[in-house]
Amino acid sequence: MKSDLSEVLYTSDQIAARLAEVAAEIDRDYEGRDILLVGVLNGAIMVVADLQRAMRSHVEMDWMAISSYGSGTQSSGVVRILKDLGVDIEGRHVIVVEDIIDTGLTLSYLMSNLASRKPASLEIMAMFRKPGAARMDVPVKYVGFDIPNDFVVGYGLDHAGRYRNLRDLAILSPHVYQ
């Protein structure tokens with residue numbers, strides 16, 4: 001697998017340290033309130049699990065799966081909910097947890113959909129964000145790391161279903177996906 005990676009951007013230790021900082025920030029911001037973490041499947045599984053364990057607040061979690069359709073690597077902008085929440089979020093403090101934000105198009109749709117359900121508050125936590133890829137301005141309150149606009153894998157991020165289990169975040173070598 002090592003020959004498939006061109007560079008490690010963040011080690012598992014760096015990711016864990018940053019997640020602990022973000023968890024402490026969320027705990028301060030939501031002191032005395034219960035929080036619902038909404039993980040976006042599949043990539044956010046690692047982030048939600050580690051974030052929740054690092055937090056001291058009362059935390060529940062639920063999951064959504066969404067898909068944007070298109071041809072090849074281009075999104076058509078059409079978003080479909082494949083798995084919806086199992087709980088009502090009206091009046092709840094909700095933090096949507098993403099593994100990575102690229103263009104922001106799908107997340108923008110998701111936030112609009114969730115806002116219509118009348119939560120008490122609605123924020124975004126993204127472990128990784130690519131400012132250079134943004135096509136839609138999505139306000140992200142909690143960011144783990146801003147990263148370059150490269151094809152990255154690891155810590156929940158995959159290519160063709162592989163590499164999610166890597167503990168580090170790394171740039172995938174172009175020979176793998178070209």
Side-chain angles (χ1 to χ4, degrees), residues 1-31 35-66 73 83 93-108 110-111 114 121-134 136-177:
M1 228 190 306
K2 216 171 199 176
S3 66
D4 293 351
L5 309 175
S6 62
E7 176 186 352
V8 171
L9 292 176
Y10 294 101
T11 66
S12 61
D13 288 342
Q14 290 171 306
I15 292 169
R18 181 64 186 128
L19 259 178
E21 293 170 356
V22 172
E25 187 178 345
I26 293 170
D27 283 336
R28 279 191 303 275
D29 290 350
Y30 288 86
E31 186 174 347
I35 303 166
L36 175 66
L37 299 178
V38 173
V40 181
L41 295 171
N42 286 329
I45 289 172
M46 311 303 187
V47 183
V48 171
D50 290 346
L51 177 66
Q52 180 174 323
R53 287 184 293 207
M55 293 176 66
R56 300 293 167 242
S57 304
H58 288 290
V59 180
E60 290 180 54
M61 67 178 161
D62 203 348
W63 303 94
M64 290 188 82
I66 54 180
T73 59
K83 185 224 173 288
H93 296 284
V94 177
I95 301 174
V96 174
V97 180
E98 276 278 20
D99 51 352
I100 190 166
I101 299 176
D102 284 302
T103 65
L105 294 171
T106 302
L107 187 57
S108 175
L110 177 62
M111 294 303 286
L114 292 176
S121 65
L122 181 63
E123 299 293 349
I124 299 168
M125 183 278 167
M127 191 65 230
F128 306 107
R129 177 176 63 178
K130 292 182 179 181
M136 176 81 58
D137 184 30
V138 180
V140 182
K141 185 163 186 177
Y142 307 102
V143 177
F145 298 100
D146 281 332
I147 61 172
N149 194 13
D150 291 310
F151 198 132
V152 293
V153 294
Y155 200 67
L157 296 163
D158 75 311
H159 171 63
R162 301 172 81 188
Y163 308 102
R164 282 191 202 278
N165 60 317
L166 296 176
R167 293 177 183 266
D168 302 330
L169 182 78
I171 297 173
L172 190 63
S173 294
H175 77 268
V176 176
Y177 59 89

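Computed from a prediction, not measured in an experiment: that's the story for all the values here. Values below: all heavy atoms of this structure, side chains included; hydrogens, waters and symmetry mates excluded.
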To the nearest 0.5 Å, tell me how far [X] [atom1] sits from [Y] [atom2].
X      : Y     : atom1 : atom2 : result
Ile171 : Glu7  : CD1   : CD    : 4.0 Å
Arg56  : Arg28 : CZ    : CZ    : 13.0 Å
Leu51  : Leu37 : CG    : CG    : 5.5 Å
Asn42  : Asp99 : CG    : CG    : 9.5 Å

**Report entry** Full working for side chain to side chain contact (heavy atoms under 4.5 Å, CB included) between Ile15 and Phe145
**Finding:** CA-CA 9 Å; Ile15 292 169; Phe145 298 100; 4.3 Å; yes
Requested in this report: Just jot down the side-chain hydrogen bond (donor to acceptor under 3.5 Å, both in side chains) partners of Tyr30, sequence neighbours excluded, or say none.
Outcome: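 For Tyr30, no residue satisfies side-chain hydrogen bond (donor to acceptor under 3.5 Å, both in side chains) once neighbours in sequence are set aside.
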Just so I know, are the side chains of [X] and [Y] near enough to count as touching, which here means a heavy-atom distance under 4.5 Å?
X      : Y      : result
Tyr155 : Phe128 : yes
Leu5   : Leu172 : yes
Val22  : Lys141 : no
Val59  : Arg53  : no
Asp150 : Leu9   : no

Query raised in the report: With a cut-off of 6.0 Å (strictly less than), are more than 12 heavy atoms of other residues, nucleotides or ligands near NE2 of His175?
Result: yes
Report summary line: Only one of Ile101, Asp146, Val143 passes side-chain contact (heavy atoms from CB on, under 4.5 Å) with Pro131, and that residue is Asp146
Query raised in the report: Nearest heavy-atom pair of Phe151 and His159: which atoms, and what distance?
Result: CZ-ND1, 3.4 Å
Query raised in the report: If you take all heavy atoms of Gly39 and Val48, which pair is closest and at what distance?
Result: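 The answer is CA-CG2, 3.7 Å.
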**Report entry** Verdict with supporting geometry, Arg18 and Glu21, salt bridge (charged side-chain N to carboxylate O under 4.0 Å, His left out)
**Finding:** CA-CA 5 Å; Arg18 181 64 186 128; Glu21 293 170 356; 2.9 Å; yes
**Report entry** Any residue meeting side-chain contact (heavy atoms from CB on, under 4.5 Å) with Pro139, in chain and number order, not counting sequence neighbours
**Finding:** none
Query - side chain to side chain contact (heavy atoms under 4.5 Å, CB included) evaluation trace for Glu98 with Val47 - result: CA-CA 8 Å; Glu98 276 278 20; Val47 183; over 6 Å; no
